[in-house]
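Here the structure is laid out as structure tokens; the discussion comes afterwards.
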Amino acid sequence: MSVRVRFAPSPTGYLHIGGLRTALFCYLFARSQGGTFLLRLEDTDRSRFVADAEEDITTCLEWAGLVIDEGPHLGADYRQSARTALYRQYAKQLLDVGRAYYAFDTPEALREMRGKGRTYDRETRHKMRNAFTLPEHAVQAWIVAGRPHVVRMRIPERNTVRFTDAVKGPVAFPVHGLDDQVIIKSDGQPTYHLANVVDDHLMGITHVIRGEEWLSSTPKHILLYNALGWEPPVMAHLPLILSPHGGKLSKRSAARLGIPVNVRDYRQQGYEPEALVNFLALLGWHPDTAQEVFSREALEQAFTLDRVAPSPARFDLDKLRWFNQQHLRLLGPDEVSRRIRAQVQASFGAVDPAYLLRVLAVVGARMVLRKEIITTYAYFFRDPEEYEPRGVKKRWKADSAGLVRAYADTLEQVEAFDAGVLETALRDLAAARNVGAGRVIHPVRLAASGTTAGPSLFEMLEVLGRECCAQRLRRAAQVLGT
RNA sequence: GCCGCGUUCGUCUAGGGGUCUAGGACGCCGGCCUUUCACGCCGGUAACACGGGUUCAAAUCCCGUACGCGGUACCA
């Protein structure tokens with residue numbers, strides 16, 4: 001049977017980084033098996049529905065390079081809100097075979113019961129208002145009369161549900177700890193528990209891969225499969241992603257640590273999707289080699305469920321940044337320039353593509369984030385607005401202005417404006433003035449870029465060009481003085 | 001509270017009875033390269049949660065404890 005895996009988010013907000021990780025593992029497993037990856041929207045909670053969430057989810061998955069084979073945006077009938085009749089049909093089936101029952105309890109009655117520390121289990125259900133405690137004609141009459149009611153699944157009396165999770169291994173849940181979960185809400189919508197079982201079965205899902213927060217409710221799902229006479233799919237529960245300090249990676253804690261929570265924020269902050277994917281894949285999964293840097297295609301090849309770790313992993317922004325640097329290099333100057341061009345133009349106006357490429361060639365290996373081109377390396381596109389005060393203090397000596405002016409003269413006269421020639425010229429100048437080369441190099445860098453750090457000075461000057469360099473050197477000599 | 005899952009360097013992890021004086025990566029710290037900052041290279045720091053078993057032998061198997069995380073909804 002061919003493998004079919006679904007990513008089934010709830011459109012209650014923008015795609016979360018943890019959601020992307022789940023989607024990625026689903027996707028990688030599907031691809032590694034030559035299977036199908038589908039997207040299904042679990043929008044049965046109308047009160048939490050967010051209108052633009054679905055678009056954000058598909059956009060972000062696409063950005064990350066996770067190609068969806070089947071999904072609502074491709075015309076498939078995969079929005080649960082549009083499948084209500086289906087769930088009701090199977091709820092009816094469960095009702096008919098006695099594995100589900102009607103219940104009429106008010107929210108107040110439920111709250112009161114829970115206040116006593118009870119759950120809606122095989123004991124409590126005989127004290128509530130439902131098909132167990134009401135005569136059948138009353139149940140029918142109330143339903144006909146439109147009295148609010150839900151359908152609950154009837155958890156069997158005694159049993160232990162066992163299954164082998166593809167990540168966690170053998171798991172056992174005594175059934176007496178489970179409550180009679182609502183499967184059809186009073187608004188007629190199914191709960192997640194019913195809907196996901198029905199859909200996974202109908203859609204031919206072979207492997208349910210989802211976050212660990214679902215592990216506890218899996219026994220209920222297995223019971224539902226059994227009651228419906230269906231074979232449950234393989235279950236695989238992924239460890240959660242924790243914040244760097246160990247807690248839940250909540251919006252607030254993440255924000256405090258500078259960690260974006262929504263996938264769109266990574267995109268907006270200029271992380272490369274390849275890097276994010278690589279980082280996320282290694283958060284909880286490890287190949288059987290020492291390889292760390294993977295393209296998406298390589299991950300698709302190497303991924304296996306049995307090498308997913310069972311324990312939760314903490315988010316490490318430094319490691320993400322390292323992956324980003326690695327992938328920036330892998331991408332190469334052509335691709336990076338394509339990705340960054342729009343931002344460069346927005347910041348500095350029209351830029352010659354060939355020039356951008358030369359800047360990238362000089363700066364490439366030291367970039368962690370592509371946006372550094374318009375921040376750290378802005379001086380390649382416009383004159384420095386100021387000279388780093390600490391650098392000036394350290395490098396700008398009494399003789400600097402004179403040396404910089406002299407070097408500007410040289411630059412204007414030199415025949416070929418390339419790094420080799422520029423270096424020779426500078427060293428000659430230093431020798432002629434009887435000073436160390438550093439005495440010239442540092443002030444020149446400061447004058448040309450405004451900072452003390454950067455690529456090889458002479459390559460930098462070559463890229464900047466003759467006029468630009470001469471002008472910046474003279475201006476600095478004038479501004480910084482003496 | 002109850003149920004479930006987990007626990008190897010600061011972090012991600014390898015390892016699944018002897019090859020472990022526990023390996024790799026990120027980070028951090030040194031050094032080399034370089035009269036800048038990086039890159040690169042070399043080196044260093046640093047971990048089997050604890051207690052009992054089982055075994056000739058345990059990071060690896062079993063039990064318990066602690067801690068962490070998840071669940072305990074007419075949310076997913």
Side-chain angles (χ1 to χ4, degrees), chain A residues 8-13 42-45 47-48 80 103 105-107 110-111 114 117 119-121 148-152 165 167-169 171-179 181-193 195-196 210-220 237 239-240 242 244-248 279 282-293 307 309-323 325-326 329 363-368 376 391 394-395 427 430 436-442 444-446 449 451-457 460:
Chain A
S10 177
T12 53
E42 312 232 319
D43 55 350
T44 54
D45 184 355
S47 66
R48 291 205 301 156
Q80 291 185 330
D105 309 285
T106 60
L110 291 171
R111 214 175 301 132
R114 294 217 170 81
T119 67
Y120 211 119
D121 61 13
H149 63 277
V150 299
V151 177
R152 289 184 179 271
D165 189 274
V167 171
K168 306 279 183 186
V171 189
F173 285 85
V175 121
H176 65 254
L178 305 180
D179 62 351
Q181 187 68 53
V182 168
I183 57 177
I184 299 284
K185 300 182 260 189
S186 57
D187 65 357
Q189 293 282 332
T191 56
Y192 171 85
H193 305 285
N196 101 83
R210 75 226 304 191
E212 190 177 342
E213 70 268 27
W214 295 110
L215 187 61
S216 299
S217 41
T218 303
K220 292 174 189 169
H237 289 91
L240 265 22
L242 270 27
H245 299 315
K248 193 177 157 201
F279 167 71
L282 272 287
L283 213 51
W285 174 83
H286 197 275
D288 55 7
T289 64
Q291 187 176 352
E292 300 262 354
V293 179
R307 294 193 67 85
S311 48
R314 300 185 189 200
F315 193 99
D316 182 358
L317 199 59
D318 280 331
K319 192 110 184 208
L320 205 216
R321 288 169 57 78
W322 179 78
F323 275 117
Q325 182 176 35
Q326 299 301 311
R329 285 194 226 171
V363 128
R366 64 195 71 215
M367 250 194 324
V368 168
T376 313
K394 186 172 177 193
R395 304 293 194 186
R427 289 183 192 285
R439 198 79 172 180
V440 189
I441 288 176
H442 297 300
V444 167
R445 173 183 297 282
L446 208 43
S449 70
T451 81
T452 56
S456 156
L457 175 66
M460 180 179 106

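Values below: every heavy atom of this structure, side chains too, minus hydrogens, waters and symmetry copies. Residue numbering restarts at 1 for every chain, and letters A, B, ... go by the order of the sequence lines.
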**OP:** Look only at the side chain of R314(A) and the backbone of L242(A), and say whether a donor-acceptor pair between them is shorter than 3.5 Å.
**Re:** no
Subject >> Position toward the 5' end of RNA chain B (nearest nucleotide), A309(A) or I184(A) >> reply: A309(A)
**OP:** Give one of base, sugar-phosphate or nothing for G438(A), where a contact means two heavy atoms less than 4.0 Å apart.
**Re:** base
Subject >> Any donor-acceptor pair under 3.5 Å from R395(A) side chain to T452(A) backbone >> reply: no
Original post:
Which is true for S186(A) with a 4.0 Å heavy-atom rule: it touches a base, it touches only sugar-phosphate, or it touches nothing?
Top reply: base
Original post:
How many Å lie between CE on M367(A) and C1' on rC39(B), as a whole number?
Top reply: 13 Å
Original post:
NA contact type, N196(A), heavy-atom cut-off 4.0 Å: base, sugar-phosphate, or nothing?
Top reply: nothing
Subject >> rG10(B) - base-pair partner by Watson-Crick or wobble geometry, distances under 3.5 Å >> reply: rC26(B)
Subject >> Distance, rounded to the nearest Å, where L283(A) contributes CG and rG6(B) contributes P >> reply: 18 Å
**OP:** Tell me whether the OP1 or OP2 atom of rU36(B) has a side-chain N or O from R439(A) closer than 4.0 Å.
**Re:** no
**OP:** Would you indicate what P239(A) reaches in the nucleic acid, counting non-hydrogen atoms under 4.0 angstrom: base, sugar-phosphate, or nothing?
**Re:** nothing
Original post:
CD1 of I183(A) versus C1' of rA73(B): gap in Å, rounded?
Top reply: 15 Å
Original post:
At under 4.0 Å between heavy atoms, what does G284(A) touch on the DNA or RNA strands: base, sugar-phosphate, or nothing?
Top reply: sugar-phosphate
Subject >> rA58(B) and rA49(B), which share atom name P, separated by this distance in whole Å >> reply: 15 Å
Original post:
Is any side-chain nitrogen or oxygen of R395(A) closer than 4.0 Å to OP1 or OP2 of rU36(B)?
Top reply: no
**OP:** May I have the distance from L110(A) (atom CG) to rU72(B) (atom C1'), rounded to whole angstrom?
**Re:** 15 Å
Original post:
Given the side-chain rings of W214(A) and Y192(A), with only the six-membered ring counted for Trp, is the space between their centroids under 6.0 Å?
Top reply: yes
**OP:** Please determine, for rG17(B), whether a Watson-Crick or G-U wobble partner exists with both distances under 3.5 Å, and give it or none.
**Re:** none
Which protein N or O atoms sit under 3.5 Å from an N or O of nucleotides 59-70 of chain B?
{"from": "rG70(B)", "atom 1": "N2", "to": "S216(A)", "atom 2": "OG", "distance (Å)": "3.2"}

Original post:
Can you give one letter per nucleotide of nucleotides 21-26 of chain B, going 5' to 3': B for a protein heavy atom under 4.0 Å from the base, S for sugar-phosphate only, - for none?
Top reply: ---BBS
Subject >> Nearest-angstrom distance from the residue atom CZ of R321(A) to P of rC28(B) >> reply: 10 Å
Original post:
Picking from rC12(B), rU36(B), rA76(B), which would you name as closest to the side chain of R445(A)?
Top reply: rU36(B)
Subject >> side chain to side chain contact (heavy atoms under 4.5 Å, CB included) between D165(A) and L215(A), worked out >> reply: CA-CA 9 Å; D165(A) 189 274; L215(A) 187 61; 4.1 Å; yes
Subject >> Main-chain N/O of H149(A) paired with K185(A) side-chain donor or acceptor, under 3.5 Å >> reply: no
Subject >> Spacing between Q325(A) atom CD and rC37(B) atom P, to the nearest angstrom >> reply: 17 Å
**OP:** Please measure how far the C1' atom in rU11(B) lies from the corresponding atom in rG68(B), and state the result in whole Å.
**Re:** 16 Å
**OP:** Assign A8(A) to base, sugar-phosphate, or nothing according to its heavy-atom contacts below 4.0 angstrom with the strands shown.
**Re:** nothing
Subject >> Pairing nucleotide - rC5(B), Watson-Crick or G-U, each distance under 3.5 Å >> reply: rG68(B)
**OP:** Hey, could you give me the NE2/CG distance between H286(A) and L283(A), rounded to the nearest 0.5 Å?
**Re:** 12.0 Å
Original post:
OP1 or OP2 of rG40(B) sitting under 4.0 Å from any side-chain N/O of R329(A)?
Top reply: yes
**OP:** Scan R111(A) against the nucleic acid and name what it touches under 4.0 Å (heavy atoms): base, sugar-phosphate only, or nothing.
**Re:** nothing
**OP:** Classify the side chain of R366(A) versus the base of rC39(B) as yes if they form a donor-acceptor pair under 3.5 Å and no if they do not.
**Re:** no
Original post:
Does T451(A) put a side-chain nitrogen or oxygen below 4.0 Å from OP1 or OP2 of rC37(B)?
Top reply: no
**OP:** Between rG15(B) and rA25(B), how far apart are the C1' atoms? Round to whole Å, please.
**Re:** 16 Å
Subject >> Interatomic distance where OH belongs to Y192(A) and P belongs to rU72(B) [whole Å] >> reply: 12 Å
Original post:
Are any of the side-chain nitrogens in D179(A) or K220(A) under 4.0 Å away from the carboxylate oxygens of its partner?
Top reply: yes
**OP:** Please measure how far the P atom in rU21(B) lies from the corresponding atom in rC62(B), and state the result in whole Å.
**Re:** 23 Å
**OP:** Quote, to the nearest angstrom, the P distance that separates rU60(B) from rG16(B).
**Re:** 12 Å
Original post:
Considering heavy-atom distances to RNA chain B, does A103(A) or V171(A) have its closest nucleotide positioned more toward the 5' end?
Top reply: V171(A)
Original post:
Rounding to the closest angstrom, what is the interatomic distance between rA46(B) and rA22(B) at atom P?
Top reply: 11 Å
Original post:
In whole angstrom, what separates F315(A)'s CZ from rU11(B)'s P?
Top reply: 16 Å
Subject >> rU7(B) versus rG51(B) - spacing of their C1' atoms, nearest Å >> reply: 15 Å
Original post:
Does a side chain donor of either T218(A) or R210(A) reach within less than 3.5 Å of an acceptor in the other side chain?
Top reply: yes
**OP:** Write down the distance separating the P atoms in rG24(B) and rC32(B), rounded off to the nearest Å.
**Re:** 23 Å
Original post:
Measuring from L178(A):CG to H176(A):NE2, what's the distance to the nearest 0.5 Å?
Top reply: 9.0 Å
Original post:
OP1 or OP2 of rA76(B) less than 4.0 angstrom from a side-chain nitrogen or oxygen of K185(A), does that happen here?
Top reply: yes
Original post:
When you measure from the side chain of Q291(A) to the backbone N and O of V293(A), does any donor-acceptor pair fall under 3.5 Å?
Top reply: yes
